[in-house]
Amino acid sequence: MGVAPAATPPLAGFRPETREFMAQIVSRYPTRRAGLLPLLSLAQEEHGYLTVEAMEQIAAFLGLSPTEVYETASFYTLLHFRPIGEHLVQVCTNLSCALLGARPVVEHLKQRLGVREGETTADGLFTLETVECIAACGGAPALQVNGRYYERMTPSAADALLDRLAGER
Amino acid sequence: MSAPAYEKVILRNLQDPGYRGTLAEYRARGGYSGLPKALQLQPQEVIDLVKQSGLRGRGGAGFPTGLKWDFVPKDLALTKYVAINGDEGEPGTFKDRQLLEQEPHPIIEGTVITAYAIGAHVAYIYVRGEFVEGAKVFQRALEEAYAAGFLGKNILGSGFDLDFYMHRGAGAYICGEETGLLESLEGKRGQPRLKPPFPAVKGLFGKPTVVNNVETVSNLPPILVGGPEWYAGIGVPPKNTGTRIFSISGHVERPGNYELPLGLPLRELIFEHAGGIRGGRQLKAVIPGGASSPIFTPAHLDVKMDFDSVAAAGSMAGSGGVVVMDETTCLVRVARVIAHFFAHESCGQCTQCREGTAWLHKMLTRIDEGKGRPEDLEVILDVCDNMKGKTICVLSDAAAMPIESYIKHFRDDFEHHIRGGACPTGMA
């Protein structure tokens with residue numbers, strides 16, 4: 001509709017193997033749009049967050065408008081629209097974790113990192129988020145770092161974890 | 001003192017400490033012997049057999065599984081889909097994550113049985129985005145199952161074809177609601193659909209679709225192997241059969257997933273299986289079926305933990321997430337946490353839910369911070385009343401009902417906060 005697409009190949013901003021995987025994913029569904037969430041996740045994996053260019057290229061590839069892509073993406077809390085830290089620390093503050101001391105862990109991490117919830121440290125190492133139940137209630141209080149679970153957290157256990165992650169660089 | 005032992009159906013293999021849930025290990029313990037039995041039957045016979053077993057959905061609603069399948073039109077020419085719900089997000093529940101990470105093959109075997117019964121040739125599993133490890137394990141299991149001929153073309157020489165794909169979520173509780181899940185699978189915002197039409201008639205991509213929970217389908221291989229009479233003999237026949245995995249957390253000595261027959265008293269779950277209240281403290285309250293379920297008090301300890309008994313006692317068996325709270329717990333804080341959750345997860349399409357959850361959260365935060373007003377409790381109850389039965393999906397009810405129950409059973413906690421401004425329990 002309207003202007004013909006520029007003469008760049010589709011998904012030009014992605015690595016060739018990502019492009020290939022994206023095409024393969026779309027073939028699993030009877031509609032191209034159904035590939036949207038998996039493609040956005042792949043884009044985020046490759047770039048660290050969802051850039052406007054990536055969303056536009058995915059929109060073109062799936063036959064959607066950029067607005068449709070953005071309005072869908074913005075529904076989902078795991079998708080980020082700004083750069084985030086190397087380590088995304090997500091502390092569960094839902095019920096079982098709250099009962100067993102999640103709040104003191106969050107307050108401690110805020111102080112140690114010098115950030116508020118949702119912010120990234122100046123060195124780009126850590127982003128701190130509080131999240132809803134992550135299905136780790138049996139090991140409450142729990143948190144995830146880049147998707148990996150750490151359970152039975154205390155302020156000192158969280159300190160040791162952050163020391164270790166900071167040292168991995 | 002050791003807790004009474006019961007036959008396990010789903011977590012049986014995981015009792016073996018070295019078990020890793022690979023295809024070879026699963027097969028060595030009898031895995032994939034239910035599927036050939038199903039493929040020898042006519043699809044309708046499989047549906048009837050599952051009906052006889054009495055199996056009900058383990059995701060939250062407890063709907064009879066065989067009946068759900070039977071609603072799908074029998075027209076062979078119609079494209080149909082199976083969608084497996086692995087989007088576990090109900091606070092207090094952590095069983096589906098364990099199944100995905102540690103015992104993926106029964107999910108696959110159960111999905112093939114489901115697809116065969118309803119005549120679907122494509123299935124998707126929607127795995128919660130946070131489950132990074134679960135997704136990795138499950139993807140490997142899918143590849144193993146394809147390589148061994150349990151998925152793909154002409155499964156076990158039966159002529160039946162099924163492709164099974166994993167689809168990962170990206171963070172939204174509402175995508176665990178079955179029509180929210182379908183919207184999300186179609187690449188849209190996960191906003192639930194008006195029902196009817198139900199998914200069995202018009203579901204994924206507009207086609208008849210069965211949506212079943214991960215734990216539900218994990219029951220199917222053992223049901224095919226052991227027979228429906230065997231399964232229906234576990235629990236409380238005829239309507240509350242089999243086992244379920246109770247995720248027990250909070251102030252207990254031994255939190256964890258416990259697979260137990262339906263119908264055991266709540267007391268036994270907490271005091272025998274989960275080891276009782278931590279540090280010998282007193283029990284104050286229990287959430288029996290995930291954050292959406294109205295709260296129980298010590299007076300409810302003899303309630304039998306099956307779908308119908310929990311409902312008769314004024315709550316719901318829901319997702320099987322049992323959250324135990326001792327005397328140090330402030331129910332105002334609990335209400336604030338739960339209200340925050342639902343306000344955060346409301347998809348926003350219905351006014352009563354979008355506004356109601358936000359107002360509940362605001363008012364409960366105010367009370368928790370010692371700024372409550374005398375009229376607040378009546379206003380909260382009025383808001384709750386206006387949130388129930390008026391929306392597209394039940395998230396709104398799921399937010400209102402527990403809050404009402406906290407005020408009903410623990411009004412003192414709330415009034416104390418409003419009068420005195422401070423929390424008597426000093427909960428952190």
Side-chain angles (χ1 to χ4, degrees), chain A residues 25-42 44 50 58 62 64 68-69 71-80 90 92-105 107 130-140 142 144 146-149 151-152, chain B residues 79 88-98 122 124 128-133 163 165 167-175 184-191 204-205 207 247-251 255-257 287 291 321 323-326 328-329 333-334 337-338 340-341 344-345 347 427-428:
Chain A
I25 285 176
V26 170
S27 74
R28 297 171 177 175
Y29 307 95
T31 67
R32 293 185 71 76
R33 180 165 187 157
L36 179 55
L37 229 48
L39 263 54
L40 290 171
S41 298
L42 281 174
Q44 180 160 286
L50 290 176
I58 288 171
L62 298 180
L64 300 169
E68 284 173 306
V69 170
E71 66 109 27
T72 304
S74 63
F75 189 77
Y76 296 94
T77 56
L78 294 181
L79 299 176
H80 295 271
Q90 297 175 298
C92 175
T93 52
N94 209 299
L95 188 54
S96 302
C97 290
L99 289 173
L100 292 163
R103 197 34 69 182
V105 171
E107 292 309 319
T130 54
V131 294
E132 300 302 342
C133 186
I134 51 176
C137 325
Q144 283 190 310
N146 296 348
R148 193 164 163 186
Y149 284 92
E151 302 188 333
R152 294 176 182 81
Chain B
T79 298
E88 175 174 71
E90 180 69 18
T93 318
F94 45 100
K95 64 188 176 68
D96 294 341
R97 182 184 145 215
Q98 184 183 12
V122 179
Y124 300 96
R128 188 172 168 185
E130 284 85 345
F131 293 174
V132 174
E133 174 68 12
D163 279 315
Y165 303 112
H167 185 101
R168 302 213 24 221
Y173 167 73
I174 196 59
C175 295
S184 184
L185 246 169
E186 292 182 7
K188 302 170 192 161
R189 297 164 72 89
Q191 294 181 322
L204 188 58
F205 307 115
K207 307 293 185 194
S247 300
I248 310 182
S249 70
H251 296 146
N257 282 328
I287 287 175
V323 185
V324 178
M325 294 168 245
D326 71 17
T328 66
T329 311
R333 179 63 58 80
V334 173
V337 167
I338 296 300
H340 178 270
F341 169 72
H344 184 261
E345 301 298 343
C347 82
M427 189 176 165

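Hydrogens, waters and symmetry mates are skipped; everything else that's a heavy atom, side chains included, is used. Lettering follows sequence order; numbering is per chain, from 1. Just so it is clear, the structure is predicted and the values come from calculations on it, not from any experiment.
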Engineer: Under 4.5 Å from any heavy atom of chain B, what part of A/Q90 do you find: side chain, backbone, both or neither?
Structural biologist: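 For A/Q90, there is no contact with chain B at all, as no heavy atom is under 4.5 Å.
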Engineer: Checking B/E90 against chain A: side chain, backbone, both or neither under 4.5 Å from a heavy atom?
Structural biologist: backbone
Engineer: Are B/I338 and A/L95 side-chain neighbours, meaning at least one heavy-atom pair lies under 4.5 Å?
Structural biologist: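 Yes, at least one pair of side-chain atoms sits under 4.5 Å.
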Engineer: Return the option, out of B/G190, B/A172, B/P255, B/G256, with the maximum number of heavy-atom pairs under 4.5 Å with chain A.
Structural biologist: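 The residue among B/G190, B/A172, B/P255, B/G256 with the greatest pair count is B/G190.
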Engineer: So for A/A140, is it side chain, backbone, both, or neither that comes closer than 4.5 Å to the heavy atoms of chain B?
Structural biologist: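 Contact with chain B is absent: no heavy atom of A/A140 under 4.5 Å.
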Engineer: Closest heavy-atom contact between B/Y124 and A/R28?
Structural biologist: OH-O, 2.7 Å
Engineer: With a 4.5 angstrom heavy-atom cut-off, is it the side chain or the backbone of B/E186 that approaches chain A, or both, or neither?
Structural biologist: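 Only the backbone of B/E186 comes within 4.5 Å of chain A.
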Engineer: Using a 4.5 Å cut-off on heavy atoms from C-beta on, say whether the side chain of A/Y29 contacts that of B/Y165.
Structural biologist: no
Engineer: In terms of heavy-atom proximity below 4.5 Å to chain A, should B/C347 be classed as side chain, backbone, both, or neither?
Structural biologist: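 Both parts, heavy atoms under 4.5 Å.
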Engineer: So what's closer than 4.5 Å to chain A heavy atoms on B/T329: side chain, backbone, both or neither?
Structural biologist: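 Contact with chain A involves the side chain of B/T329 alone.
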Engineer: Quick one, B/S184 with A/Y76, criterion side chain to side chain contact (heavy atoms under 4.5 Å, CB included). Give me CA distance, side-chain angles, the key distance, then yes/no.
Structural biologist: CA-CA 10 Å; B/S184 184; A/Y76 296 94; 2.9 Å; yes
Engineer: Work out which heavy atom in A/S96 is nearest to a heavy atom in B/V323; give both atom names and the distance.
Structural biologist: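 Looking at all heavy atoms of both residues, the closest pair is OG-CG1, 3.7 Å.
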Engineer: Any sub-3.5 Å donor-acceptor pair from A/E132's side-chain atoms to B/H344's backbone N or O?
Structural biologist: no
Engineer: Using every non-hydrogen atom in the two residues, find where B/M325 and A/L99 come nearest and quote the distance to one decimal.
Structural biologist: CG-CD1, 3.6 Å
Engineer: State, with a plain yes or no, whether a side-chain heavy atom of B/V132 is found less than 4.5 Å away from one of A/R148.
Structural biologist: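 No, side chains not in contact.
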Engineer: Of the listed residues (A/L64, A/I25, A/L39, A/L37), which shares the most heavy-atom pairs with chain B below a 4.5 Å separation?
Structural biologist: A/L37
Engineer: How would you list, by chain and number, every residue that makes a side-chain hydrogen bond (donor to acceptor under 3.5 Å, both in side chains) with B/E88, sequence neighbours excluded?
Structural biologist: none
Engineer: With sequence neighbours excluded, what pairs up with B/R189 under the salt bridge (Lys or Arg N to Asp or Glu O under 4.0 Å) test?
Structural biologist: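 Salt bridge (Lys or Arg N to Asp or Glu O under 4.0 Å) list for B/R189, sorted by chain: empty.
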Engineer: Given A/C133 and B/F94, is the side chain to side chain contact (heavy atoms under 4.5 Å, CB included) satisfied, shown in steps?
Structural biologist: CA-CA 9 Å; A/C133 186; B/F94 45 100; over 6 Å; no
Engineer: Restricting to non-hydrogen atoms, name the atom on A/R33 and the atom on B/K188 that form the minimum distance, rounded to 0.1 Å.
Structural biologist: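 Closest approach of A/R33 to B/K188, heavy atoms only: NE-CG, 3.7 Å.
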Engineer: Roughly how far, to the nearest 0.5 Å, is CD of A/Q144 from CZ of B/F131?
Structural biologist: 8.5 Å
Engineer: When heavy-atom pairs shorter than 4.5 Å are enumerated against chain A, which of B/G169, B/G92, B/P91, B/G321 gives the highest number?
Structural biologist: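 The answer is B/P91.
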Engineer: Give the minimum heavy-atom separation between B/G250 and A/L100, together with the two atoms involved.
Structural biologist: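 Heavy-atom minimum between the residues: O-CD1, 3.7 Å.
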Engineer: Restricting to non-hydrogen atoms, name the atom on A/G138 and the atom on B/S249 that form the minimum distance, rounded to 0.1 Å.
Structural biologist: N-CB, 4.3 Å
Engineer: Begin from the C-alpha positions of A/N94 and B/H340 and carry the test side chain to side chain contact (heavy atoms under 4.5 Å, CB included) through to its verdict.
Structural biologist: CA-CA 9 Å; A/N94 209 299; B/H340 178 270; over 6 Å; no
Engineer: With a 4.5 angstrom heavy-atom cut-off, is it the side chain or the backbone of B/L204 that approaches chain A, or both, or neither?
Structural biologist: neither
